[in-house]
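Residue numbering restarts at 1 for every chain, and letters A, B, ... go by the order of the sequence lines.
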There are 2 protein chains.
Amino acid sequence: MEREISQAVIRRMPRYYRYLEELLNENIERISSGDLSKRMNVTASQIRQDLNNFGGFGQQGYGYNVQYLHDEIGKILGLNRQHNLILVGSGNLGQAIANYVHFSKMNFDMVGLFDSNPDLKGKKVGPLSVMHMNELPEFLKTHEVDIAVLTIPKENAVSVCNELVSLGIKGIWNFAHVDLPVPEDVKVENVHLSDSLMQLSYQMS
Amino acid sequence: MEREISQAVIRRMPRYYRYLEELLNENIERISSGDLSKRMNVTASQIRQDLNNFGGFGQQGYGYNVQYLHDEIGKILGLNRQHNLILVGSGNLGQAIANYVHFSKMNFDMVGLFDSNPDLKGKKVGPLSVMHMNELPEFLKTHEVDIAVLTIPKENAVSVCNELVSLGIKGIWNFAHVDLPVPEDVKVENVHLSDSLMQLSYQMS
DNA sequence: TAGATTGTTAATCGATTAACAATC
DNA sequence: TAGATTGTTAATCGATTAACAATC
């Protein structure tokens, strides 16, 4: 019976991963929590505590092997598994995300684009063309899809989300400005751009 | 000598704002912390504590006036002031953000688009056309700009950021996958999309 | 006035930092 | 072996929740 790992820790893991990639690029083989803490501007204690939520990846007197730690964090974040994504909402933002996902991260594969606007149907975005929303149920029967990227206006977001859930989608990357009510086994990660912009605005006033 | 308001509180403010907008749309005139807590799935205690960081906006026995609280939170977030933005990096994502900022939030006004790629120069995005990066210093001399939206690859992000800072920009909305080192008086708000996607991936595994 | 609900103080819980024995 | 640095326990700090007197 493992203790739940806190949100605060999980939010920090991708940042560790990013810094370890950087170290790899610099051909640095090993690093101590102390040195890493200076680079990242956090305490060494926090780094060691965070990592030890998942296991002992270091060695006394040596520190951490960069390649090994990098790969382990990758596994923790599920980056070793293949993820198939569909885009729901192929407007400006959606198209940008579709391109972005393709180029930036292998193992995240965009496999279908959808939109409710019939005018967009057939439009090429990278290697894919946009399908109409009413083709979605059939598509999900014949393709394995892990994650739906939701880039639609907030007005329709909840109902489209419900549809996605009823079709068996277990992960939603939500760019709509609403909180989505989903069952426990469905995971939602929100990117609320306007919230982010408001926070910046606050910091500046 | 006021006590610093914690990041945790500030992150929640835009969400309150969003729910208050919703209440306004539903023509609900007043709300108690208890009722709001049910809608938002947080404790009433937290709502009252959060708000009282900024002042007493409620009234015993009555609750909070929705319009008033909405407007006050708007002021706290600086939404009453005009913000002029420029886009630095006019690729797919940048163009989507430019359109997004225009349509979604009044008081945030996109006033200039820039890119280092000469091929993009002159390209129309909404009402604006893309300028070359070397036109930026002159532009900033003649226009008041509060915020730069940084949508460029991480390789150039730090050096472009330094340039922006040296030209007097005080706020950066950073979509590049790096941490930007800036002086104290410059505020950075990060949108690390790949971090967000990794968090979703973690939750699902 | 009585009832409702705030603002605020106190109690609890969780996260971060410090310290150090274990050990490579 | 001696020095370095981890993993982990203990101490501190901060954030959340509970409680309740103040008051509309």
Side-chain angles (χ1 to χ4, degrees), chain A residues 1-16 19-20 23 28-73 76 179 199 202-203, chain B residues 1-16 19-20 23 28-73 76 179 199 202-203:
Chain A
M1 155 125 200
E2 330 168 359
R3 195 166 76 289
E4 187 89 17
I5 290 160
S6 85
Q7 265 316 114
V9 173
I10 293 161
R11 263 203 308 273
R12 285 192 291 266
M13 297 309 287
R15 187 155 181 265
Y16 292 131
Y19 275 83
L20 288 161
L23 290 167
I28 293 172
E29 202 172 87
R30 68 190 182 92
I31 191 152
S32 68
S33 58
D35 288 350
L36 187 56
S37 78
K38 273 174 219 131
R39 281 190 178 238
M40 296 186 64
N41 242 315
V42 297
T43 63
S45 224
Q46 181 165 79
I47 292 174
R48 294 203 299 278
Q49 287 278 22
D50 282 354
L51 297 178
N52 279 94
N53 280 294
F54 303 98
F57 302 124
Q59 198 164 76
Q60 283 96 331
Y62 171 88
Y64 298 87
N65 178 283
V66 174
Q67 181 74 61
Y68 175 70
L69 185 56
H70 172 269
D71 294 352
E72 287 301 314
I73 293 180
I76 290 165
D179 299 322
Q199 282 169 58
Y202 171 82
Q203 305 285 0
Chain B
M1 155 125 199
E2 328 168 3
R3 195 166 75 290
E4 188 87 17
I5 290 160
S6 84
Q7 265 316 115
V9 172
I10 293 162
R11 264 204 306 275
R12 285 193 290 267
M13 297 308 288
R15 186 156 182 264
Y16 291 132
Y19 275 82
L20 287 162
L23 289 167
I28 294 171
E29 202 172 87
R30 68 189 182 92
I31 190 150
S32 68
S33 57
D35 287 351
L36 187 56
S37 78
K38 272 174 220 132
R39 281 189 177 238
M40 295 187 66
N41 243 314
V42 296
T43 62
S45 225
Q46 180 164 80
I47 293 174
R48 295 203 299 278
Q49 287 277 23
D50 282 354
L51 297 179
N52 279 96
N53 280 294
F54 303 98
F57 302 124
Q59 198 165 77
Q60 283 97 331
Y62 172 87
Y64 299 87
N65 178 284
V66 173
Q67 181 75 61
Y68 174 71
L69 185 58
H70 171 270
D71 295 351
E72 288 300 313
I73 293 181
I76 290 164
D179 299 322
Q199 283 169 56
Y202 170 83
Q203 305 285 0

Please determine whether side-chain hydrogen bond (donor to acceptor under 3.5 Å, both in side chains) holds for the pair A:Gln7 and B:Gln199, giving the CA-CA distance in whole Å, both sets of side-chain angles, and the decisive distance to 0.1 Å.
CA-CA 10 Å; A:Gln7 265 316 114; B:Gln199 283 169 56; 4.8 Å; no

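Within the structure, the salt bridge (Lys or Arg N to Asp or Glu O under 4.0 Å) test picks out the following pairs touching residues 59-72 of chain A (sequence neighbours left out): A:Glu72-A:Lys75. Among residues at least two apart or in separate chains, there is no salt bridge (Lys or Arg N to Asp or Glu O under 4.0 Å) pair with a member in residues 53-64 of chain B. The list of salt bridge (Lys or Arg N to Asp or Glu O under 4.0 Å) pairs with a residue in residues 49-66 of chain A, not counting sequence neighbours, reads A:Arg12-A:Asp50. Sorted by first and then second residue, the side-chain hydrogen bond (donor to acceptor under 3.5 Å, both in side chains) pairs involving residues 28-39 of chain B (not counting sequence neighbours) are B:Glu26-B:Arg39, B:Ser33-B:Arg48. Sorted by first then second residue, the salt bridge (Lys or Arg N to Asp or Glu O under 4.0 Å) pairs that include residues 51-60 of chain A, not counting sequence neighbours, number zero.
Near DNA chain C, meaning a heavy atom under 4.0 Å away, the residues from residues 41-49 of chain A are A:Thr43, A:Ser45, A:Gln46, A:Arg48, A:Gln49. Scanning residues 55-63 of chain A for heavy-atom distances under 4.0 Å to DNA chain D yields A:Gly56, A:Phe57, A:Gly58, A:Gln59, A:Gln60, A:Gly61, A:Tyr62, A:Gly63.
Here the closest non-hydrogen pair linking B:Tyr16 and B:Ile73 is CB-CD1, 3.8 Å.
You can see that DNA chain C meets the heavy atoms of chain A within a 4.0 Å-exclusive cut from C:dA15 to C:dC24, reading 5' to 3'.
Within the 4.0 angstrom heavy-atom criterion, only backbone atoms of the sugar-phosphate kind lie near A:Arg12; the bases stay farther away.
Looking only at side-chain heavy atoms (C-beta outward), A:Phe57 and A:Ile76 come within less than 4.5 Å of each other.
Residues forming a side-chain hydrogen bond (donor to acceptor under 3.5 Å, both in side chains) with B:Gln49 (at least two apart in sequence, or on another chain): none. Taking A:Ser45 as the reference, A:Thr43 meet the side-chain contact (heavy atoms from CB on, under 4.5 Å) condition, with sequence neighbours excluded. Partners of A:Gln46 under the side-chain hydrogen bond (donor to acceptor under 3.5 Å, both in side chains) rule, at least two apart in sequence or in another chain, do not exist in this structure.
Here the straight-line distance linking atom CG of B:Leu51 with atom OH of B:Tyr64 works out to 5.0 Å at 0.5 Å rounding.
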Can you give me the dot-bracket string for DNA chain C, 5' to 3', counting Watson-Crick and G-U wobble pairs with both distances under 3.5 Å, using [ ] for crossing pairs and | for partners on another strand?
..||||||||||||||||||||||

